[in-house]
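Beneath this line is the structure, given in structure tokens, with notes to follow.
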Amino acid sequence: RQRVILFDTSPDLRQQSLRHHLMRCDGIFFTHHHVDHLWGLDEVRRFNAVMKQPINIYAEDRTMENILRVYPHIFRRDTNVNDSFVATLTPNRLEVEQPVDLFGLRITPIRIMHGRLPILGFRIDEIGGSLNVNDENPLPLAYCTDASGIPPETWKELTGLKTLVLDMLRPRHHPTHFNVDQAVETAEQIGAKQAWFIHMTHNILHADLNERLPDGMQLAYDGLVLGRDASLTDD
């Protein structure tokens, strides 16, 4: 049976779910609590209704406390004046470098910096050949959005990657995100077989910059699918 894991719940989650024909959600991992990564969480209630079961969410303490604060109607449902259709979510606390094994994947939270704010990236590995994959298998993969720096202790978690997904905001400097040059330099240091850059602004001309990137590096785009034929087991 296919399983679906989300990383963050952006405000356009409903549109993305419809576009990709998502019928379920089996877990959500949060990088941090900023609006552009969190404010689609209400939409997952439809998955609850279809699946008839709660959804596990995973976040470190700072992020989880903010999720609980922003969504009291979900997590303190008994205090709602009117009972209504809200998501059913089970909070799980993450700790850096303490992996979660889920549906044949080992998902390891790693520390990255978003300006002065410590947030999470994630390293994703296959466990013991439990996935049905073709030659396009993108694992091991590291997902590092909203990054402006990588602490020394994190580099060991970024070795041996097949795929890197990395923040690249704009050409000029920004205090809380990698710019173009910083993202390319960081990707070169990590040395994944393929790097995909995300979280871009309108200041980047996609077709123009994409042609000038080093080999093995590309700009991501809406609808990008990696390892199209990969599927998760029912274990």
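Just so it is clear, the structure is predicted and the values come from calculations on it, not from any experiment.
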Salt bridge check: are [X] and [Y] linked by an N-O gap of less than 4.0 Å?
X: Arg123; Y: Asp125; result: yes
X: Arg77; Y: Asp83; result: yes
X: Arg111; Y: Glu95; result: no
X: Arg14; Y: Asp12; result: no

Rounded distance [0.5 Å steps], [atom1] in [X] versus [atom2] in [Y]:
X: Arg116; Y: Thr176; atom1: CZ; atom2: OG1; result: 11.0 Å
X: Cys144; Y: Asp167; atom1: SG; atom2: CG; result: 9.5 Å
X: Met168; Y: Asp181; atom1: CE; atom2: CG; result: 8.5 Å
X: His174; Y: Asn203; atom1: NE2; atom2: CG; result: 10.0 Å
X: Ile28; Y: Leu89; atom1: CD1; atom2: CG; result: 6.0 Å
X: Leu68; Y: His33; atom1: CG; atom2: NE2; result: 12.5 Å

Donor-acceptor contact below 3.5 Å, side chain [X] vs main chain [Y]:
X: Thr90; Y: Asn56; value: no
X: Asn48; Y: Gln53; value: yes
X: Lys162; Y: Asn137; value: yes
X: Asn179; Y: Arg170; value: no
X: Asp8; Y: Thr31; value: yes
X: Asn92; Y: Ile57; value: yes
X: Arg45; Y: Thr88; value: no
X: Thr9; Y: Leu38; value: yes
X: Thr154; Y: Ile150; value: no
X: Arg3; Y: Phe103; value: no

**OP:** Classify the angle between the aromatic ring planes of His37 and His199 as parallel (below 30°), tilted (30 to 60°) or perpendicular (above 60°).
**Re:** parallel

Original post:
When the ring planes of His73 and Tyr71 are compared, do they come out parallel, tilted or perpendicular, using 30° and 60° as the limits?
Top reply: tilted

Original post:
Can you check side chain to side chain contact (heavy atoms under 4.5 Å, CB included) on Phe47 and Leu22, steps first, answer last?
Top reply: CA-CA 9 Å; Phe47 295 124; Leu22 300 185; 4.1 Å; yes

Tell me the closest heavy-atom pair linking [X] and [Y], and the distance in Å.
X: Ala147; Y: Ile112; value: CB-CD1, 4.0 Å
X: Leu158; Y: Ala142; value: CD2-CB, 3.7 Å
X: Met200; Y: Leu219; value: SD-CD2, 3.6 Å
X: Val184; Y: Pro214; value: CG1-CG, 3.9 Å
X: Ile204; Y: Pro171; value: CG1-CD, 4.0 Å
X: Ala195; Y: Ala187; value: CB-CB, 4.1 Å

Subject >> Passing option when His32 is tested against Thr63, Asp146, Thr145 for side chain to side chain donor-acceptor pair (under 3.5 Å) >> reply: Asp146

Original post:
Side chains of Ser17 and Glu43: donor-acceptor distance under 3.5 Å anywhere?
Top reply: no

Subject >> Any donor-acceptor N or O pair under 3.5 Å, side chains Ser84, Asn82 >> reply: no

Are the side chains of [Y] and [X] in contact, using a 4.5 Å heavy-atom criterion?
X: Asn210; Y: Gln218; result: yes
X: His34; Y: His114; result: yes
X: Leu120; Y: Pro109; result: yes
X: Lys156; Y: Glu97; result: yes
X: Leu213; Y: Glu211; result: no
X: Phe178; Y: Leu166; result: yes
X: Asp61; Y: Met64; result: no
X: Gln194; Y: Pro138; result: no

In this structure, would [X] and [Y] fall into the same cluster of hydrophobic residues linked by side-chain contacts under 4.5 Å?
X: Ile5; Y: Ile198; value: yes
X: Ile55; Y: Phe85; value: no
X: Val225; Y: Leu164; value: no
X: Leu117; Y: Leu94; value: no
X: Ile124; Y: Leu161; value: no

**OP:** Show your reasoning for whether side chain to side chain contact (heavy atoms under 4.5 Å, CB included) applies to Gln182 and His177.
**Re:** CA-CA 9 Å; Gln182 291 168 329; His177 293 265; over 6 Å; no

Original post:
Does CE in Met51 sit with more than 12 non-hydrogen atoms of other residues, nucleotides or ligands closer than 6.0 Å?
Top reply: yes

Original post:
Has Arg62 got more than 12 heavy atoms of other residues, nucleotides or ligands less than 6.0 Å from its CZ?
Top reply: no

**OP:** Identify whether NZ of Lys or CZ of Arg in Arg93 sits under 6.0 Å from the centre of the six-membered ring of Tyr58 and within 45° of that ring's axis.
**Re:** no

Original post:
Between Arg76 and Asp78, is a salt bridge (charged side-chain N to carboxylate O under 4.0 Å, His left out) present by the stated rule, with each step listed?
Top reply: CA-CA 5 Å; Arg76 296 200 303 273; Asp78 60 315; over 6 Å; no

**OP:** Using the side chain to side chain contact (heavy atoms under 4.5 Å, CB included) rule, take Ile190 and Trp155 through it: C-alpha gap first, then chi angles, then the decisive distance, then the call.
**Re:** CA-CA 8 Å; Ile190 292 172; Trp155 286 95; 3.5 Å; yes

**OP:** List the steps, then state whether side chain to side chain contact (heavy atoms under 4.5 Å, CB included) holds for Leu139 with Thr163.
**Re:** CA-CA 7 Å; Leu139 304 179; Thr163 310; over 6 Å; no

**OP:** Have a look at Phe122 and tell me which of Phe30, Tyr143, Phe29 forms a ring-ring contact (aromatic ring centres under 6.0 Å, His included) with it.
**Re:** Phe29

